[in-house]
Amino acid sequence: MPHVTDGEWIKNARKQANMSQDELAKAVEISVRTLRSYEADESDPKLKVIRRISAVCDFEMGELFENTAKIPKIGELGSKMKLTSEHTITEAPWKKEDQDNRLIKLNFYDDIFASAGYGNHAYENQPAVLEFDKSFLENILNIKKFDRLDIIRVVGDSMLPSIKDGEYIIVERDSEARNGDTVIANIDGELYVKRLNKIPLSPYIILESENENYRPIELDTDEKLQMCNILGVVRCKIKLY
């Protein structure tokens, strides 16, 4: 199959999702003019924009990399990932002296679910440890900081279309959340995935869903705010096959 351009890929993704240019531009937080320039191959989109479009349109990125580098699915990472618990997936093939620089450890909470609709239980179980190739995290998933990374699964549909029910997310624990970040919040012992909206000129916040069928969680008093702890910032999502 011939290699597609960035513009062709974006146009194919948008058409598969039955979205107009206005709708897609709004969903990925760019201007319509910028989107049109991407589709016409007049300018090159950044990787983070490609990732957003892939998530919003549920469209694979593989076509973009067929002539350059293959993007492996998580299920194909056997040669790059090792589960360091009682169930070993595979040994990493690199020499031992190379592993310290090339492998990044992430905590995998198999029994922890962050509810995108309603709260579930909190971050207390002992994780398994997964090891990922540093270049995969940095260049494909666009993760730039490698300390305190956790993988948990989302349950619910309140963050559609960005995060779907059953998808896994990588969370940077204890990272300082900025306005507009997608965060993991512990509210009175229950976990939520929400968009952080800081109320101007006040210490209070609103945790919002992307699905309009869900009401925002307003933490607009000292008492409510004290019940909330922002555990980390969502850095990317991964879908297992």
Side-chain angles (χ1 to χ4, degrees), residues 17 19-38 43 45-57 112-123 141-150 152 154-165 167 169-237:
M19 299 178 74
S20 67
Q21 289 181 328
D22 287 352
E23 290 170 334
L24 180 57
K26 182 177 180 181
V28 299
E29 299 178 343
I30 60 176
S31 69
V32 177
R33 181 178 180 180
T34 298
L35 178 61
R36 288 173 179 165
S37 72
Y38 291 159
S43 60
K46 294 182 179 179
L47 180 58
K48 66 180 181 181
V49 175
I50 292 292
R51 289 178 54 246
R52 288 176 185 170
I53 293 173
S54 176
V56 168
C57 298
I112 296 295
F113 302 91
S115 175
Y118 302 97
N120 273 287
H121 47 81
Y123 257 40
L141 301 185
N142 201 31
I143 294 175
K144 303 304 182 184
K145 296 181 180 179
F146 306 106
D147 295 333
R148 300 184 299 276
L149 295 176
D150 297 334
I152 59 176
V154 171
V155 176
D157 62 356
S158 80
M159 293 305 288
L160 287 174
S162 296
I163 304 176
K164 298 179 176 63
D165 181 28
E167 289 185 327
I169 54 177
I170 295 181
V171 180
E172 183 182 348
R173 180 88 73 94
D174 301 327
S175 177
E176 184 176 351
R178 297 179 299 178
N179 196 42
D181 280 344
T182 300
V183 300
I184 300 294
N186 184 326
I187 302 177
D188 199 22
E190 298 183 330
L191 291 185
Y192 295 83
V193 185
K194 297 292 178 185
R195 184 82 64 189
L196 176 66
N197 184 13
K198 297 182 178 181
I199 299 175
L201 304 178
S202 82
Y204 306 122
I205 61 175
I206 299 174
L207 299 176
E208 298 180 328
S209 303
E210 293 193 13
N211 187 335
E212 295 180 354
N213 293 323
Y214 290 83
R215 294 182 178 179
I217 300 173
E218 298 183 359
L219 304 172
D220 52 3
T221 67
D222 289 342
E223 182 179 2
K224 291 179 181 179
L225 196 60
Q226 289 175 0
M227 297 172 61
C228 176
N229 181 22
I230 303 298
L231 299 179
V233 176
V234 176
R235 293 306 182 195
C236 76
K237 70 169 186 177

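Numbering starts at 1 and runs along the sequence shown.
With values rounded to the nearest 0.5 angstrom, Arg235 atom CZ is found 12.0 Å from Phe146 atom CZ. The CD1 atom of Ile170 lies 5.0 Å from the CG atom of Leu141; values are rounded to the nearest 0.5 Å. To the nearest 0.5 angstrom, Asn142 atom CG is 5.0 Å from Arg51 atom CZ. To the nearest 0.5 Å, atoms CD (Glu218) and CD1 (Ile205) are separated by 11.5 Å. Separating the CE atom in Met227 from the CG atom in Leu225 is a distance of 11.0 Å, to the nearest 0.5 Å. Note that CG of Leu196 and OG1 of Thr182 are 9.5 Å apart. Values are rounded to the nearest 0.5 Å.
Lys237 is not listed as a side-chain neighbour of Val154, based on a closest heavy-atom distance of 4.5 Å or more. Residues Leu207 and Asn197 have side chains not in contact (no heavy-atom distance under 4.5 Å, counting atoms from C-beta outward).
For Arg52 (side chain) and Val28 (main-chain N/O), a donor-acceptor pair under 3.5 Å exists by modelled atom type. Formation of a donor-acceptor pair under 3.5 Å by the Asn211 side chain with backbone atoms of Asn213 is found in this model.
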**OP:** Give the C-alpha distance, both sets of side-chain angles, the deciding distance and a yes or no for side-chain contact (heavy atoms from CB on, under 4.5 Å) between Arg173 and Leu149.
**Re:** CA-CA 6 Å; Arg173 180 88 73 94; Leu149 295 176; over 6 Å; no
Subject >> Intermediate values then yes/no, side-chain contact (heavy atoms from CB on, under 4.5 Å), Ile143 and Cys236 >> reply: CA-CA 8 Å; Ile143 294 175; Cys236 76; 4.0 Å; yes
**OP:** Run the numbers on Val155 and Asp165 for side-chain contact (heavy atoms from CB on, under 4.5 Å), then give the verdict.
**Re:** CA-CA 5 Å; Val155 176; Asp165 181 28; 4.1 Å; yes
Subject >> side-chain contact (heavy atoms from CB on, under 4.5 Å) between Asp150 and Leu231, intermediate numbers included >> reply: CA-CA 11 Å; Asp150 297 334; Leu231 299 179; over 6 Å; no
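Looking at every heavy atom in both residues, Cys57 comes nearest to Met19 through SG-SD, 4.2 Å. The nearest pair of heavy atoms linking Ala25 to Leu35 is N-CD2, 3.9 Å. Considering every non-hydrogen atom in both Ser162 and Ala55, the closest pair reads O-CB, 4.1 Å. Between Ser31 and Thr34, the shortest heavy-atom contact is OG-OG1, 2.7 Å.
Counted by atom type alone, Lys194 and Ser209 present one or more donor-acceptor pairs between their side chains at under 3.5 Å. A side-chain N or O of Tyr204 and one of Asp222 form a donor-acceptor pair less than 3.5 Å apart.
Counting non-hydrogen atoms of other residues, nucleotides and ligands closer than 6.0 Å to NZ of Lys144 gives a total above 12.
Looking at Ile230, Ile152, Asn229 one by one, the single match for side chain to side chain contact (heavy atoms under 4.5 Å, CB included) with Ile184 turns out to be Ile152.
Residue pairs satisfying the salt bridge (Lys or Arg N to Asp or Glu O under 4.0 Å) criterion with at least one member in residues 197-214, sequence neighbours excluded, are listed as follows: Arg195-Glu210. Listed by first and then second residue, the salt bridge (Lys or Arg N to Asp or Glu O under 4.0 Å) pairs involving residues 22-34 amount to none (not counting sequence neighbours).
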